[in-house]
Amino acid sequence: MNGKCQGQGTYTQHSGAVYEGYFVCDKRHGKGKYTHIDGAIYEGDFKNDKCYGIGRFMYPGGDVYEGEFLNDKRNGKGKFTRA
């Protein structure tokens, strides 16, 4: 669609961070998994290129947050578990 990413795919950034999931108009949108260069992983919903909705964030040290996200931040109901 006009040379923009659409549908399911994988994108590796120059930094080494990797996104696997759905794209709409070149933006992460829908279900996906984002692996940060420090080893942190977010799996869940994306909207307009941001963590948005229900997801799970696994920190490099082993802590885990499962719950709601809004604009890339924990927001609303969720559960934080320490390693």
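For this chain, numbers begin at 1 and follow the sequence in order.
Residues Tyr42 and Phe57 meet the side-chain proximity criterion, which asks for heavy atoms closer than 4.5 Å. When side chains are defined from C-beta on, Thr10 counts as touching Val18, because their heavy atoms get closer than 4.5 Å. Looking only at side-chain heavy atoms (C-beta outward), Glu43 and Met58 come within less than 4.5 Å of each other. Using a 4.5 Å heavy-atom cutoff, the side chains of Lys31 and Asp45 are in contact.
Atom OG of Ser15 and atom CD1 of Ile37 lie 5.0 Å apart (nearest 0.5 Å). The structure places CD of Glu20 at 6.0 Å from OG1 of Thr35, a figure rounded to the nearest 0.5 Å. Note: Asp49 CG to Cys25 SG = 11.5 Å, rounded to the nearest 0.5 Å. The distance from the SG atom of Cys5 to the NZ atom of Lys27 is 13.0 Å, given to the nearest 0.5 Å. Rounded to the nearest 0.5 angstrom, Glu66 CD and Arg56 CZ are separated by 4.5 Å.
Taking the six-membered ring for Trp and the full ring otherwise, the centers of Phe46 and Tyr34 sit at least 6.0 Å from each other. Two rings, from His36 and Tyr19, have their centers 6.0 Å or more apart.
The two residues Lys33 and Ile41 come nearest to each other via the heavy atoms CE-CG2, 3.8 Å. Residues Pro60 and Gly39 come closest through the heavy atom pair CG-C, 4.4 Å. Closest heavy-atom contact between Asn75 and Tyr65: N-OH, 4.2 Å.
For the pair His29 (side chain) and Asn48 (backbone), a donor-acceptor distance under 3.5 Å is present.
At most 12 non-hydrogen atoms from other residues, nucleotides or ligands lie less than 6.0 angstrom from OH of Tyr22.
Considering only residues two or more places apart in sequence or on other chains, Tyr59 meets the side chain to side chain donor-acceptor pair (under 3.5 Å) condition with Arg74.
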